[in-house]
Structure formats: C-alpha cells, structure tokens
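Side chains are part of it too, since the values below use all heavy atoms of this structure and drop only hydrogens, waters and symmetry mates.
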Amino acid sequence: MIRNIQYMNAIGFDPYQNLAMEEYLLEIVEKDTCILYLWQNENTVVIGRNQNPWKECKIEELKQDGGHLVRRLSGGGAVFHDLGNLNFTFLLHKDNYDLEKQLEVILRGVKKFGIQAEKSGRNDITVSGKKFSGNAFYTRGNHCYHHGTLLVHADIGKLSNYLQVSKEKLCLKGIDSVRSRVGNLSDYGQRITIVQLKESLLEAFGEIYGIVVTPCESEDFDKQRLEEGKAKFSSWDWIYGRNMEFQHEKSKQFIWGNTIWQFQVNRGRIEDLQLFSDSVESDLIEKIPNYMKGCKYEKEAVCKRLHLLSVEGENQSVIKKDLETYFAGIEW
C-alpha cells in the first residue's frame, strides 16, 4: 500500500545524467512510496532497450546538429526529446504498480487545461486522434517504473527529421508520415508552459492518490553511483555495443565499377562483410572484407580503417580515395 508520494525534478537537460537518475530512483524507492520524476532532455533521440540505433535514427544528422543518442532501460520505440517535451516516470514497487491510476494522473493533469485526452491502446495517450504521449515500462526484481513523453510545444519537424520510421509500418497503419501521427498539447488549448504542466501534474498526483506530495530529498543520494550510471548510459558499449546482430546493405556506382556492401554487424562491430563489385581490381576488392572485420560500425571508424588500407598502383589508390569519400559523405 502506498503511504507516501514524492516528486523529483531533474536538475539539467543532460540525457545521460537524467537516465542515471531514473535508474537510481528505481533502485532506492521504498516499498510504501511512489516517486514521480519529471525531466527533460535537450535535442535527444532515445531508443528502446532492444532497438537497432542504425535502423531507428539518422545518427550522423543528429550528431552534426549537436544532438544526443541514448538507449533507455525500457523497451518500446524511438522518441525525440527537446525542451518542448516533458518526460515523466512513476517509480514504485511491483505490489503497488497500477497503470490505470498512473495514467489517470496524466489525464487529469492535462484536463486541467481543458484538454480532453484519452488512452489509446496500452502505450499511447492521444487528443483528437493525435499522440502526445508514448509510454514504456521496465521491471527489475520487485522494483518497476512506467515512463512517458508529453509533447507540449516540441519541434515536430525535428522529430520527423531524426527518426527513421519504417514505411511498411506507416503503410500498415494507413499513415503517411511521422508528422501526421503526433501533436503538441499547446495546439489544443491555451498556451501551456512546461512549468505549468509540472504544477498541474503534481496537483493531479496528490488528488489521485489522496496523499500530500512531498519533494524527494536528494542530499543523501550516492553521487558516485549516479556518476557511474551516467558513464554507463553515455558509453559506446551501452548505446551501440549491445548483443544485436543485423545486416545492413549499401551500394554505390563509381566510374571504375559498381559496389554492393553487405555488412554483418554484432555488438556494434563489423562481424563479416560481403563486398560485390565488377571492378577490374579484384585483388583489392577481395582484400577489403577481411580488413574491415572488427571495425566499429560507425562512419569515423570505417573511414579511418579505409584510410589505413594499403594499396598498390594508381588504380587502387583512386578506388581507395573514392571509397573514403563515399563513406564520409553518406548518411549512416
């Protein structure tokens, strides 16, 4: 039975720090307590625990714009966060987990602005048919959390620019684009600020649970554990190096011949490569696959590996330079 409800506001907009705090709160939440954690990430694509980053996100475009790619603990799909979006997390013990009650906090908080939102399926909250909140869930032992997004005045253009949504998925649902699937709360009522929404959610939190909401005291938090958590969530191994095998094919026609690259990738590294080409420099073409094995599957690493490739003669030098230029310029 829940006897205490607490809230925690994130200090900054660093996604790795915010996810570390979320995991820390998950570990320390007491049995009779529910914590509502409110947080924001700046210019961030967040992928689900078991998603392929290369499939879900335009990684290079995001990096060039100073954005962040992060992998969360929970499953579900990829989402884009900017400062027009507010994230919420309910953290509690499994015995006290009540999804309907937790969602009702969100629905009532939004209703205070005159917006009639409704649940759609298990994971979404919509208004006028457009999703403004996607939800995901995570359990560790007896501890669990339910978290989600709240699009208030997010840049929907950036959302559709950075996320690579499968055309097959959109066709199946009869929808033409990412942009048409989501909407901001500010489009459906008075101009809502993030601060106002936080206040409204905390009011609703207290009303739904019938308990006075108190702040979660952070003075005694284990700073070393939080730093370790931040290091984990920002690490290459966590984001890219998961035990996840996939194939990725790229092709390019050059003056000297056509190439088809079939990369077999696991834990973020090139495990195998099949390279097909009609180039007359067959010795070089046959040499490249073995040479690329073990390389990180990211633009900088592949280009560096190609740059160090030893070649013989002018024709092979031209091929090498063309390949470096090609991989340096493509969307990864």
Notebook entry, point to check: Applying the 4.5 Å side-chain criterion to the ILVMFWY set and letting contacts propagate, would Ile270 and Phe246 be lumped into a single cluster?
Noted result: yes
Notebook entry, point to check: Quick one: does Arg72's side chain have a donor or acceptor within less than 3.5 Å of a partner on Arg49's backbone?
Noted result: no
Notebook entry, point to check: What's the spacing between Gln6 CD and Ile211 CD1 if we round to 0.5 Å?
Noted result: 10.5 Å
Margin query: To the closest 0.5 Å, what do you measure between OH (Tyr291) and CG (Leu309)?
Written below: 5.5 Å
Notebook entry, point to check: Looking at side-chain heavy atoms only, is the closest gap between Phe80 and Thr44 below 4.5 Å?
Noted result: no
Check: With under 30° as parallel and over 60° as perpendicular, where do the rings of His81 and Trp39 fit, or are they tilted in between?
Finding: perpendicular
Notebook entry, point to check: Just how far is it from atom SG of Cys34 to atom CD of Gln102, taken to the nearest 0.5 Å?
Noted result: 6.0 Å
Notebook entry, point to check: Do the charged groups of Lys232 and Glu227 touch, with an N to O distance under 4.0 Å?
Noted result: no
Item checked: Thr89 to Glu22 - nearest heavy-atom pair and separation -> OG1-OE2, 2.7 Å
Margin query: Using 0.5 Å steps for rounding, measure from the CG atom of Asp187 to the CD1 atom of Ile115.
Written below: 9.0 Å
Note to self: Strictly distance-based, threshold 3.5 Å: is any side-chain N or O of Asp82 a donor or acceptor partner for the main-chain N or O of Asp155?
What the structure shows: yes
Next item on the list: Report the C-alpha separation of Asn315 and Ser317 in whole Å, then their side-chain angles, then the decisive distance to 0.1 Å, and conclude whether the side chain to side chain donor-acceptor pair (under 3.5 Å) test is met.
Entry: CA-CA 5 Å; Asn315 287 344; Ser317 294; over 6 Å; no
Next item on the list: Could you please spell out the steps behind the side-chain contact (heavy atoms from CB on, under 4.5 Å) verdict for Leu69 and Ile47?
Entry: CA-CA 8 Å; Leu69 176 65; Ile47 59 174; 4.0 Å; yes
Margin query: Please check: side-chain N/O of Ser74 versus main-chain N/O of Tyr138, any donor-acceptor pairing under 3.5 Å?
Written below: no
Notebook entry, point to check: Going by heavy atoms in the side chains, are Phe221 and Ile28 under 4.5 Å from each other?
Noted result: yes
Check: Which pair of heavy atoms, one from Pro289 and one from Ile285, lies closest together, and at what distance?
Finding: CD-O, 3.1 Å
Check: Is the shortest distance from a Lys or Arg side-chain nitrogen in Lys230 or Asp14 to a carboxylate oxygen in the other one below 4.0 Å?
Finding: yes
Margin query: Under the criterion ring-ring contact (aromatic ring centres under 6.0 Å, His included), I'd like the reasoning laid out for Phe137 against His147: C-alpha separation, chi angles, the key distance, then a yes or no.
Written below: CA-CA 6 Å; Phe137 318 92; His147 62 183; 8.1 Å; no
Next item on the list: Indicate whether the side chain of Tyr162 and that of Asp65 have a donor and an acceptor atom separated by less than 3.5 Å.
Entry: yes
Notebook entry, point to check: Do Lys293 and Glu271 sit within salt-bridge range, that is, some charged N less than 4.0 Å from a carboxylate O?
Noted result: no
Checklist line | Reference residue Asn184; test side-chain contact (heavy atoms from CB on, under 4.5 Å); the match among Leu150, Ile156, Val127 | finding: Ile156
Note to self: Looking at Ala117, is its backbone amide N or carbonyl O close enough to the side chain of Tyr188 to form a donor-acceptor pair, meaning the two atoms are under 3.5 Å apart?
What the structure shows: no
Notebook entry, point to check: What pair of heavy atoms forms the shortest contact from Trp261 to Leu323, and how long is it?
Noted result: CZ2-CD2, 3.5 Å
Item checked: From Ile319 atom CD1 to Tyr326 atom OH, the distance as rounded to the nearest 0.5 Å -> 15.5 Å
Check: Below 4.5 Å, heavy atoms only, C-beta onward: do Val265 and Glu245 meet side chain to side chain?
Finding: no
Check: Between CZ of Phe113 and OG of Ser186, what distance do you get to the nearest 0.5 Å?
Finding: 11.0 Å
Check: Between Lys119 and Glu100, is the closest basic N to carboxylate O distance under 4.0 Å?
Finding: yes
Check: Within the distance-only criterion (no hydrogens, no angle test), does the side chain of Arg71 pair as donor or acceptor with the backbone N or O of Gln51 below 3.5 angstrom?
Finding: yes
Note to self: Whether the side chain of Asp32 engages the backbone of Met1 through a donor-acceptor N/O pair (distance < 3.5 Å, no angle test) should be reported.
What the structure shows: no
Checklist line | Distance-only side-chain donor-acceptor flag, Gln224 / Glu228, under 3.5 Å | finding: yes
Item checked: Qualifying residue, where the test is side-chain contact (heavy atoms from CB on, under 4.5 Å) with Ser133 and the options are Asp124, Leu103, Ile125, Val110 -> Ile125
Next item on the list: Just say parallel, tilted or perpendicular for the rings of Tyr240 and Trp54, cut-offs at 30° and 60°.
Entry: tilted
Notebook entry, point to check: Just by modelled atom types, is the Asn161 backbone N or O under 3.5 Å from a matching donor or acceptor in the Lys58 side chain?
Noted result: yes
Item checked: Any residue meeting side chain to side chain contact (heavy atoms under 4.5 Å, CB included) with Phe276, in chain and number order, not counting sequence neighbours -> Ile260, Gln262, Gln274
Margin query: Can you tell me how the ring of Phe205 sits relative to the ring of Phe90, calling it parallel under 30°, perpendicular over 60° and tilted otherwise?
Written below: perpendicular
Item checked: Close side-chain approach of Phe132 to Asn85, heavy-atom, < 4.5 Å -> no
Notebook entry, point to check: Are Ile330 and Tyr297 in one and the same hydrophobic cluster, where Ile, Leu, Val, Met, Phe, Trp and Tyr link if side-chain heavy atoms are under 4.5 Å apart?
Noted result: yes
Check: Are Arg267 and Trp236 in a cation-pi setup, meaning NZ or CZ lies under 6.0 angstrom from the ring centre and within 45 degrees of the ring axis?
Finding: no
Next item on the list: Report the C-alpha separation of Arg140 and Glu23 in whole Å, then their side-chain angles, then the decisive distance to 0.1 Å, and conclude whether the salt bridge (charged side-chain N to carboxylate O under 4.0 Å, His left out) test is met.
Entry: CA-CA 10 Å; Arg140 179 184 292 172; Glu23 183 177 35; 2.6 Å; yes
Check: Are Val182 and Leu83 connected in a single hydrophobic cluster, I mean Ile/Leu/Val/Met/Phe/Trp/Tyr linked by side-chain heavy atoms less than 4.5 Å apart?
Finding: no
Note to self: Which heavy atom of Gly229 sits nearest to which heavy atom of Ala20, and what is that distance?
What the structure shows: C-CB, 3.5 Å
Check: Do Trp238 and Tyr16 pass the ring-ring contact (aromatic ring centres under 6.0 Å, His included) test, and can you show the C-alpha distance, the side-chain angles, and the key distance before you say yes or no?
Finding: CA-CA 11 Å; Trp238 175 259; Tyr16 310 112; over 10 Å; no
Note to self: If we count only N and O atoms by modelled type, under 3.5 Å, do the side chains of Asn41 and Asn18 hold a donor and an acceptor together?
What the structure shows: yes
Notebook entry, point to check: At their closest point, which heavy atom of Asp278 faces which heavy atom of Gly257, and how far apart are they?
Noted result: OD1-CA, 3.1 Å
Checklist line | Side chain proximity check, His68 to Leu62, heavy atoms < 4.5 angstrom | finding: no
Note to self: For the backbone of Tyr209 and the side chain of Lys101, can you confirm whether one donor and one acceptor N or O come within less than 3.5 Å of each other?
What the structure shows: no
Margin query: Taking Ile106 as the starting point, is it possible to reach Ile2 by hopping between hydrophobic residues whose side chains are less than 4.5 Å apart?
Written below: yes
Next item on the list: For residues Asn87 and Leu38, determine if any side-chain heavy atom of one lies less than 4.5 Å from a side-chain heavy atom of the other.
Entry: no
Note to self: Parallel, tilted or perpendicular, judged at 30° and 60°: which one describes the rings of Trp256 and Phe254?
What the structure shows: parallel
Margin query: So Gln40 and Ile194, do their side chains get closer than 4.5 Å, heavy atoms only?
Written below: yes
Check: Same cluster or not: are Leu99 and Ile5 linked, directly or through other Ile, Leu, Val, Met, Phe, Trp or Tyr residues, by side-chain heavy atoms under 4.5 angstrom apart?
Finding: yes
Check: Quick one: does Lys111's side chain get under 4.5 Å of Gln116's, heavy atoms only?
Finding: yes
Note to self: I'd like to know if the side chain of Thr193 reaches the main chain of Gln196, judged simply by a donor and an acceptor atom lying under 3.5 Å from each other, with no hydrogens or angles considered.
What the structure shows: yes
Note to self: Once ring pair (Phe, Tyr, Trp, His ring centres under 6.0 Å) is applied, what residue pairs with a partner in residues 91-112 remain, sequence neighbours excluded?
What the structure shows: His93-His143
Notebook entry, point to check: Does a side chain donor of either Thr259 or Lys250 reach within less than 3.5 Å of an acceptor in the other side chain?
Noted result: no
Margin query: Please find the pair of heavy atoms, one from Glu324 and one from Cys303, that lie closest to each other, and give the distance.
Written below: O-SG, 4.0 Å
